[in-house]
**Q** 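Pasting in a structure now, in structure tokens, and then I'll have a few things to ask.
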Amino acid sequence: MTNYQSNERELDWNSSISNDSPEFVVLPEGDYDFQVVELERSRHAGSAKLPPCNKAIVHIRITDGAGVAIIKHNLFLHSRCEGLLCDFFCGIGQRKRGEDKPMNWQQVVGARGRAKVGIRTYSKEGREYKTNEIKRFYEAQPAHNNLPWPEAPQPPREDEVF
């Protein structure tokens with residue numbers, strides 16, 4: 001597991017504190033560029049829809065004019081969810097559609113991609129809350145499509161001699 005801060009430490013009862021939590025941001029629905037900032041290996045206990053299995057929890061950071069949102073997204077390591085795993089790894093450029101390739105979890109943190117983000121509403125203790133969720137991952141574009149746009153040609157300066 002990768003931590004957001006590498007200088008984590010235990011605090012004592014008289015420690016000075018200054019690291020405020022970031023504001024919680026719910027982004028509008030839409031398409032966003034993202035970066036995976038953390039990976040947790042976990043276990044799904046089982047449910048009515050899916051038996052017990054391993055799961056990866058990826059923490060996806062999206063930066064927008066509204067702020068920074070961190071979305072936790074579950075990836076279940078079960079054959080029923082293989083298509084969702086394929087979409088994720090295609091989305092971060094680790095595989096191409098139709099390719100049979102092992103999942104490389106060591107290269108997930110730091111990976112970038114593009115995803116459709118939605119808003120999920122849920123109730124807890126009688127109150128209604130909203131949070132973002134990943135609706136789908138878009139297939140990564142070839143490297144040449146990620147290059148910056150070429151600069152527009154500039155008109156010649158008056159002092160230039162041809």
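All values derive from a computational prediction rather than experimental measurement.
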**Q** Taking the side chain as C-beta and beyond, is there a heavy-atom pair between Val108 and Gln94 under 4.5 Å?
**A**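 Yes, their side chains come closer than 4.5 Å.
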**Q** Would you sort out whether Phe88 and Val36 count as a side-chain contact (heavy atoms from CB on, under 4.5 Å), showing the intermediate values?
**A** CA-CA 11 Å; Phe88 172 73; Val36 180; 4.2 Å; yes
**Q** Val109 and Phe137: same hydrophobic cluster, using ILVMFWY side-chain contacts below 4.5 Å?
**A**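 They do share one cluster, since a chain of ILVMFWY contacts under 4.5 Å joins Val109 to Phe137.
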**Q** Can you tell me how far NE2 of His59 sits from CD of Glu38, rounded to the nearest 0.5 angstrom?
**A**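 The CD atom of Glu38 sits 4.0 Å away from the NE2 atom of His59.
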**Q** Mark yes when over 12 heavy atoms from residues, nucleotides or ligands other than Arg43 sit less than 6.0 Å from its CZ; otherwise mark no.
**A**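 Atom CZ in Arg43 is crowded, with more than 12 foreign heavy atoms closer than 6.0 Å.
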**Q** Are there more than 12 heavy atoms of other residues, nucleotides or ligands under 6.0 Å from atom CG of Asp100?
**A**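 Check fails, neighbour count at 12 or below.
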**Q** Is there a path of hydrophobic side-chain contacts, each under 4.5 Å between heavy atoms of I/L/V/M/F/W/Y residues, joining Val37 to Ile57?
**A**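 Different clusters.
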**Q** Would you mind checking if Arg95 and Asp87 are paired as a salt bridge, meaning a charged N to carboxylate O distance below 4.0 Å?
**A**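 Answer for the salt bridge query: no.
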**Q** Taking atom CD1 of Ile119 and atom NZ of Lys135, what is their separation to the nearest 0.5 Å?
**A**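 Between atom CD1 of Ile119 and atom NZ of Lys135 there are 9.5 Å.
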**Q** Quick one: do Ile60 and Val25 end up in the same hydrophobic cluster if we chain Ile, Leu, Val, Met, Phe, Trp and Tyr together by side-chain heavy atoms under 4.5 Å apart?
**A**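 Shared cluster, yes.
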**Q** Test Val26 against Thr131 for side-chain contact (heavy atoms from CB on, under 4.5 Å), laying out the working first.
**A** CA-CA 6 Å; Val26 177; Thr131 190; 5.5 Å; no
**Q** Within this structure, what is the CD-NZ distance for the pair Glu29 and Lys116, rounded to the nearest 0.5 Å?
**A**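 Here the rounded value is 7.5 Å.
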**Q** Give the cluster check for Val58 versus Leu84: same hydrophobic cluster or not, with ILVMFWY residues linked at side-chain heavy-atom distances below 4.5 Å.
**A**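 Result: no, two separate clusters.
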**Q** Tell me whether Glu82 at atom CD has more than 12 heavy atoms from other residues, nucleotides or ligands lying less than 6.0 Å away.
**A**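 For Glu82, atom CD is not crowded (no more than 12 foreign heavy atoms under 6.0 Å).
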**Q** What are the two closest non-hydrogen atoms of Ala140 and Gly91, and how far apart are they?
**A**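 So the minimum-distance heavy-atom pair works out to CB-O, 3.8 Å.
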**Q** To the nearest 0.5 Å, tell me how far Gln35 CD sits from Arg61 CZ.
**A**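 Those atoms lie 4.5 Å apart.
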**Q** What are the two closest heavy atoms between Pro52 and Ala45, and how far apart are they?
**A**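 Heavy-atom minimum between the residues: CG-O, 3.4 Å.
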**Q** Distance check, rounded to the nearest 0.5 Å: Lys101 atom NZ versus Cys86 atom SG?
**A**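 Output value for this atom pair is 12.0 Å.
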**Q** Could you list all the ring-ring contact (aromatic ring centres under 6.0 Å, His included) pairs where at least one residue sits in residues 94-121, not counting sequence neighbours?
**A**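 ring-ring contact (aromatic ring centres under 6.0 Å, His included) check on residues 94-121 returns Phe89-Trp105.
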**Q** Check whether any side-chain heavy atom of Phe34 lies under 4.5 Å from a side-chain heavy atom of Ile92, and answer yes or no.
**A**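 In short, these two side chains touch, coming nearer than 4.5 Å.
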**Q** Side-chain atoms of residues 63-79: list all donor-acceptor pairs with protein atoms under 3.5 Å, sequence neighbours left out, distances to 0.1 Å.
**A**
residue	atom	partner	partner atom	Å
Asp64	OD2	Ala66	N	3.3
His78	ND1	Arg80	N	3.1

**Q** Hey, could you give me the CG/CZ distance between Asp31 and Arg136, rounded to the nearest 0.5 Å?
**A**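 Atom-to-atom, Asp31:CG and Arg136:CZ are 8.5 Å apart.
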